[in-house]
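To keep things clear, I will list the structure first and then write my remarks on it.
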Amino acid sequence: MSFQAPKGTFDWMPPRSELALAVRDAMSAPVRRAGYGYVETPTFEDTALFARGVGESTDIVSKEMYTFEDKGGRSITLRPEGTASTVRAVLQHGLQNGPLPAKVWYSGSFFRYERAQKGRYRHFSQVGAEALGVEDPALDAELIQLAAEGFASLGLTGVRLLLNSLGCAACRPAYRAALQDFLRALDLDDATRARVELNPLRVLDDKRPEVRAQLGGAPLVTDHLCEACKGYHEEVRSLLTDAGVAFADDPRLVRGLDYYTRTTFEFVHDGLGSQSAVGGGGRYDGLSEMIGGPPLPGVGWAIGVDRTVLALEAEGLAAPRSSGGVQVYGVALGDEARRLLFSLLIELRRAGVTADMAFGGKGLKGAMKGADRSGATYAVIIGERDLAAGAAQVKDLASGEQAAVPLAEIVTTLKERLTQ
RNA sequence: GUGGGUGUAGCUCAGUUGGCAGAGCGCCAGGUUGUGGUCCUGGAUGUCGUGGGUUCAAGUCCCAUCACUCACCCCA
């Protein structure tokens, strides 16, 4: 076979793929319980939506987008993140005119053209949640708590929450200018100098030791927040504390996207290779206007499904759950028995019992081998003799005990035994 | 975009100074024609990543290339 998954991508295959499903379920369950509705937007959008929404100055837009021209000459981009699309959909359908906040969540694939490494691929999967139309610290706190709840429900104990505030349109410009003054005086390479002019906050996030060493005396956002931002941030912190959500203040925490204001947070984990974030988000009060909408404050997060699976594995929580396994495995001898077994399995499944059978005309030995490997608790064996007796052999695969059960009682018997 | 490492069976890998392509696991079959796991026996599976070069002879040496992987940058 000459094909393989495209460069920088990978396949989720059983049994490991069960973990990806478990993460999606675990992260979405809390938000669903909190009244967030499911939205599904196209996997691609007008390129300009991301250019304006995510920000021209970001690496995502400047070099990591999968952009192409469609047959109608439109510039199309595979979504590199979920917030811009979600806000676009909310505005397009007028949710901002309905009850606020508009609370929505999503789950899907995202794309960034990057060199792959552990925890970072060209195709990745996120679960996200957004609350739009209301500026209320309780909403920021709710979202953060819901994500923390999701991680906890997976059994993860190594996820840490970092919290910061980036200020607002009133106080950020002054801070930005102060930071630029500081950064311009440093000894930096050309790329970083350019970043100082475009997006100085991101320089604080540089991991290189030679850069880090110079950032010691950098002005911090927290010292430049206006009264409104300070009060807002204090309220978020206090609500989180009351809710029992542990967090660490990190005045250096910035995010890669241009639209963030005020509350910014990141969930980090140490088991992700060189990556650190399993999820992150924040408030983005100016995003709607950036993409041509009315003023519409918002707050949200996205959790990396693949990275969360890595975190699970790093914590030894990747125990093989029921990976597509079944409870009952059918083995038939002869065509007539096989037809009967086929129908019996359908009945079992309708009764809520998971069931599989031997396919491909294997002999009894081979079929029993299949029963063993399926991980089933019981095998149901039907041969000519059983057929004549109107019964089937029900075998406990762990103990090896086997007994004939009348065909009419098979479903109820198995269901009973399995729910004990 | 930059740098390091690795490419041999489905998987994990061995392969000596260049000399017949290997092991374990898995898979299939039989031992047991109505019974799985353990055990025994047998079997199938290879573009040695790809292309070129050196050589009587290349998995092994040389060059190029591709892929994977880890890291930088950046981010979920």
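Order of the sequence lines fixes the chain letters, A, B, ..., with proteins taken first and strands second; residue numbering starts at 1 for each chain.
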Would you say B:C75 has OP1 or OP2 under 4.0 Å from some side-chain N or O of A:Arg202?
yes

If I take atom CG from residue A:Leu179 and atom CG from residue A:Leu201, how far apart are they, to the nearest 0.5 angstrom?
6.0 Å

Specify whether A:Phe267 and A:Phe151 have parallel, tilted or perpendicular ring planes, treating 30° as the upper limit for parallel and 60° as the lower limit for perpendicular.
tilted

Nearest whole angstrom, please: distance from the C1' of B:C75 to the CD1 of A:Ile303.
14 Å

Between B:G4 and B:A57, how far is it from one P atom to the other, in whole Å?
34 Å

Base, sugar-phosphate, or nothing: which does A:Gly370 touch, judged by heavy atoms less than 4.0 Å apart?
nothing

Residues which pass side chain to side chain donor-acceptor pair (under 3.5 Å) with A:Tyr378, listed by chain and number, not counting sequence neighbours
none

Evaluation steps, side-chain contact (heavy atoms from CB on, under 4.5 Å), between A:Met357 and A:Val380
CA-CA 9 Å; A:Met357 62 180 269; A:Val380 171; over 6 Å; no

Take atom CZ of A:Arg122 and atom C1' of B:C68, then tell me their distance rounded to the nearest Å.
13 Å

Taking the same atom, P, in B:A67 and in B:C62, what whole-Å distance lies between them?
22 Å

Between the base of B:C73 and the side chain of A:Arg120, is there a donor and acceptor pair under 3.5 angstrom?
yes

Can you tell me how far apart CG (A:Leu49) and CZ (A:Arg52) are? Round to the nearest 0.5 Å.
8.5 Å

Distance check, C1' atoms only: B:G43 and B:A9, in whole angstrom units.
14 Å

When the distance from CE of A:Met65 to P of B:C74 is rounded to whole Å, what number comes out?
18 Å

Gap separating the OG1 atom of A:Thr222 from the NE2 atom of A:His233, nearest 0.5 angstrom
7.5 Å

Applying side-chain contact (heavy atoms from CB on, under 4.5 Å), can you list everything that pairs with A:Ala48, at least two apart in sequence or on another chain?
A:Asp46

Scan A:Gly8 against the nucleic acid and name what it touches under 4.0 Å (heavy atoms): base, sugar-phosphate only, or nothing.
sugar-phosphate

Spacing of the C1' atoms in B:U2 and B:C73 (rounded, Å)
8 Å

Does A:Gln117 make a side-chain donor-acceptor contact with the base of B:C73, cut-off 3.5 Å?
yes

Please state whether the base of B:G36 and the side chain of A:Asp372 form at least one donor-acceptor pair under 3.5 Å?
yes

Pairwise ring-ring contact (aromatic ring centres under 6.0 Å, His included) hits with a residue in residues 178-220 of chain A, at least two apart
none

Please report the interatomic distance CD(A:Gln96) to OG(A:Ser288), rounded to the nearest 0.5 Å.
7.0 Å

Is the phosphate of B:A76 approached by A:Gln126 (side-chain N or O, under 4.0 Å from OP1 or OP2)?
no

Kindly assign one of parallel, tilted or perpendicular to the pair A:Tyr284 and A:Tyr260, based on the angle between their ring planes and the thresholds 30° and 60°.
perpendicular

Spacing of A:Asp306 atom CG relative to B:C75 atom P, expressed in whole Å
18 Å

Strictly below 4.0 Å, heavy-atom distances to any atom of RNA chain B: list the hits from residues 108-115 of chain A, or just say none.
A:Arg112, A:Glu114, A:Arg115

Can you tell me which stems RNA chain B forms, taking runs of 3 or more consecutive Watson-Crick or G-U pairs with both distances under 3.5 Å?
B:1-7 with B:66-72, B:10-13 with B:22-25, B:27-31 with B:39-43, B:49-53 with B:61-65

When you check the gap from the basic side-chain N to the acidic O, do A:Glu81 and A:Arg112 get nearer than 4.0 Å?
no

Spacing of A:Arg24 atom CZ relative to B:A76 atom C1', expressed in whole Å
13 Å

Exercise: do A:Arg24 and A:Ser125 side chains pair donor with acceptor under 3.5 Å
yes

Would you say B:G1 has OP1 or OP2 under 4.0 Å from some side-chain N or O of A:Lys63?
no

Annotated protein contacts, base or backbone, on nucleotides 28-35 of chain B with a non-hydrogen cut-off under 4.0 Å, one of B, S, - each
S--B--BB

